[in-house]
Amino acid sequence: MDDSIISDVRAFNRFYTRQLGLLNEHIAASDFSLAEGRVMYEVAQRGYTTGRELVAALGLDPAYLSRILQKFAGLELIAVSPSPSDRRSNTIALTNDGDAAVDELDALNDTAVSSLLEKVDPEDHATLVAAMKTIQLILGDEPAPPAPIILRDHHVGDLGWLIHRQGLLYNQQFGWDIGFEALIAGIYREFEQAAISPAKKLWLAERNGKILGSVFVIPYEGSAETAQLRMLYVEPEARGLGIGTLLVKQAVAFARGNGYRRMRLWTQENLASARKIYAAEGFTMVESEPHRSFGKDLISEFWEIAF
């Protein structure tokens with residue numbers, strides 16, 4: 001294992017514990033320790049349980065758990081009774097006072113988290129939560145059912161993000177230089193400044209608030225008869241999910257539904273995945289020529305489809 005990775009994880013752990021105030025060994029200024037709070041929450045979630053189940057779920061030492069349960073019983077927060085199915089074990093459940101203690105813990109924790117988030121720009125909240133979910137999944141949490149992929153219009157900030165993201169991805173994947181980023185900055189500006197008619201449209205594919213891909217349609221050189229499909233891209237992590245196909249189908253349907261008679265697009269010979277999508281949707285290549293762009297020798301292609 002790379003020592004630098006271990007060091008980074010440990011540094012994050014120290015930062016995270018400081019932020020949540022876990023080093024004081026109490027949850028959100030309550031009268032319960034972190035371990036006691038975990039036990040109380042686990043009993044609340046299960047409704048009723050046994051000591052054996054709590055040991056397995058929380059990874060606590062049985063003797064330590066026994067002391068916690070004895071404390072809870074003394075405070076009348078839990079009721080302990082013989083298990084009807086196994087006389088060798090006891091069933092543990094919260095009392096009314098125990099339920100009230102859990103509610104108080106919830107309120108204190110909500111206040112503590114709210115205080116933490118007050119330091120974060122509201123625009124970064126979704127990014128923060130998405131990063132937390134990523135850590136949970138990578139470190140072994142049960143994966144949640146995949147959220148749906150939605151297509152939405154662009155908002156303020158999206159064009160700048162698309163320019164940045166695609167400039168970076170094409171550099172990483174193909175070695176294209178900053179000339180590509182400069183080119184697409186002009187392309188997105190052209191889209192935004194184009195008139196409302198003939199029809200234009202940009203879609204972003206998104207899941208859990210994260211942009212996974214995009215494409216747009218604009219009149220080709222102002223023509224009311226020929227639309228142009230531009231800037232199709234899909235995030236590497238989302239490839240294979242059918243997002244590229246979904247975006248191209250959406251673009252073609254939009255052009256057809258808005259009275260265009262054909263659609264045209266410009267691509268490069270080395271963009272194999274995109275070319276497969278275009279061909280599957282019915283596009284055919286009509287022009288091809290070599291050129292030197294973005295620091296590379298490339299072969300550009302124009303593809304078209306008629307409606």
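Residues I68 and Y48 fall into different hydrophobic clusters, defined by Ile, Leu, Val, Met, Phe, Trp and Tyr side chains chained together at heavy-atom separations under 4.5 Å. Residues V129 and I135 fall into different hydrophobic clusters, defined by Ile, Leu, Val, Met, Phe, Trp and Tyr side chains chained together at heavy-atom separations under 4.5 Å. V215 and I211 sit in two unconnected hydrophobic clusters of ILVMFWY residues. Membership requires side-chain heavy atoms under 4.5 Å apart, directly or through other members. Under a hydrophobic clustering in which Ile, Leu, Val, Met, Phe, Trp and Tyr are joined whenever their side-chain heavy atoms come within less than 4.5 Å, directly or via other members, L183 and L159 fall into the same cluster. Residues F302 and M263 are members of separate hydrophobic clusters, defined by side-chain heavy-atom contacts under 4.5 angstrom among Ile, Leu, Val, Met, Phe, Trp and Tyr.
Counting only heavy atoms from C-beta outward, the side chains of E36 and R67 never approach each other to under 4.5 Å. In this structure, F174 and L271 have side chains that are in contact, with non-hydrogen atoms separated by less than 4.5 Å. Residues I299 and S288 meet the side-chain proximity criterion, which asks for heavy atoms closer than 4.5 Å. Between V217 and N258 the shortest side-chain heavy-atom distance does not fall below 4.5 Å. L169 has its side chain within reach of Q172: a pair of non-hydrogen atoms, C-beta onward, lies under 4.5 Å apart. Using a 4.5 Å cut-off on side-chain heavy atoms (C-beta onward), V43 and L54 make contact.
Shown here is E104, whose CD atom has no more than 12 heavy atoms of other residues, nucleotides or ligands within 6.0 Å. Residue R152 qualifies as enclosed at atom CZ: its count of foreign heavy atoms under 6.0 Å is above 12. Within a 6.0 Å radius of CG in D121, other residues, nucleotides and ligands contribute more than 12 heavy atoms. Atom CZ of F307 sits in a crowded spot, with more than 12 heavy atoms from other residues, nucleotides or ligands closer than 6.0 Å. Atom CZ of R292 has more than 12 heavy atoms from other residues, nucleotides or ligands within 6.0 Å. Annotation: I150, atom CD1; neighbour count of heavy atoms from other residues, nucleotides and ligands within 6.0 Å is above 12. Residue-environment remark: CZ (R165) exceeds the threshold of 12 foreign heavy atoms within 6.0 Å. No more than 12 heavy-atom neighbours from other residues, nucleotides or ligands sit within 6.0 angstrom of CD on Q45.
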Q: Begin from the C-alpha positions of L204 and L162 and carry the test side-chain contact (heavy atoms from CB on, under 4.5 Å) through to its verdict.
A: CA-CA 10 Å; L204 293 105; L162 290 171; 4.1 Å; yes
Q: Show the numbers, then the answer: is there a side-chain contact (heavy atoms from CB on, under 4.5 Å) between L298 and W176?
A: CA-CA 10 Å; L298 302 170; W176 293 2; 3.9 Å; yes
Q. Going through the distances and angles, do D97 and L75 end up as a side-chain contact (heavy atoms from CB on, under 4.5 Å)?
A. CA-CA 9 Å; D97 287 345; L75 294 172; over 6 Å; no
**Q.** Derivation and outcome, side-chain contact (heavy atoms from CB on, under 4.5 Å), residues L151 and L247
**A.** CA-CA 8 Å; L151 298 184; L247 289 168; 3.7 Å; yes
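The line from CG of D158 to CD of E192 is 10.5 Å long, rounded to the nearest 0.5 Å. Rounded to the nearest 0.5 angstrom, L94 CG and F72 CZ are separated by 8.5 Å. The line from CG of L65 to CZ of R38 is 10.5 Å long, rounded to the nearest 0.5 Å. Within the model, atoms CD1 of I163 and CE of M231 stand 8.5 Å from one another, a figure rounded to the nearest 0.5 Å. Atom CG of residue L58 and atom CD of residue E53 lie 11.0 Å apart, to the nearest 0.5 angstrom. From E301, atom CD reaches atom CZ of F283 across 13.5 Å, with rounding to the nearest 0.5 Å.
In this structure, R230 contributes its side chain and I187 its backbone to no donor-acceptor pair below 3.5 Å. With E281 contributing its side chain and I277 its backbone, the two residues share no donor-acceptor pair below 3.5 Å. Looking at S114, its side chain does come within 3.5 Å of a backbone N or O of D110 through a donor-acceptor pair. When atom types are taken as modelled, the side chain of D177 and the backbone of G295 share a donor-acceptor pair closer than 3.5 angstrom. For T95 (side chain) and L77 (main-chain N/O), a donor-acceptor pair under 3.5 Å exists by modelled atom type. Side chain of T49 to backbone of I92: no donor-acceptor contact under 3.5 angstrom is found. Within the 3.5 Å criterion, the main-chain N or O of P219 finds no donor-acceptor partner in the side chain of S223.
Across all non-hydrogen atoms, the minimal contact from G98 to M40 is O-SD, 4.4 Å. Across F254 and A199, no two heavy atoms sit closer than the pair CZ-CB, 3.6 Å. Counting all heavy atoms, side chain and backbone alike, V120 lies closest to H125 at O-NE2, 3.5 Å. Here the closest non-hydrogen pair linking R46 and A57 is NH2-CB, 3.3 Å. G167 and I184 make their closest contact through N-CD1, 4.0 Å (heavy atoms, listed as atom of the first residue, atom of the second, distance). Across K296 and G175, no two heavy atoms sit closer than the pair CE-O, 3.5 Å.
No option in R262, R261, E304 other than R262 meets the side chain to side chain donor-acceptor pair (under 3.5 Å) test with T226. Partner of H154 under the ring-ring contact (aromatic ring centres under 6.0 Å, His included) criterion, chosen from W161, F191, F216, Y188: F191.
The aromatic rings of F180 and F294 lie perpendicular to each other, with more than 60° between the two planes, well past the 30° mark. Using a 30° and 60° split on the angle between ring planes, F12 and F15 fall in the tilted class, from 30° to 60°.
The existence of a salt bridge linking K210 and E235 is excluded, since no basic side-chain nitrogen approaches an acidic carboxylate oxygen closer than 4.0 Å. Ionic pairing of D153 and K201 is present here: one or more N-O contacts between side-chain nitrogen and carboxylate oxygen are shorter than 4.0 angstrom. By the 4.0 Å N-to-carboxylate-O rule, E221 lies too far from R264 to be salt-bridged with it.
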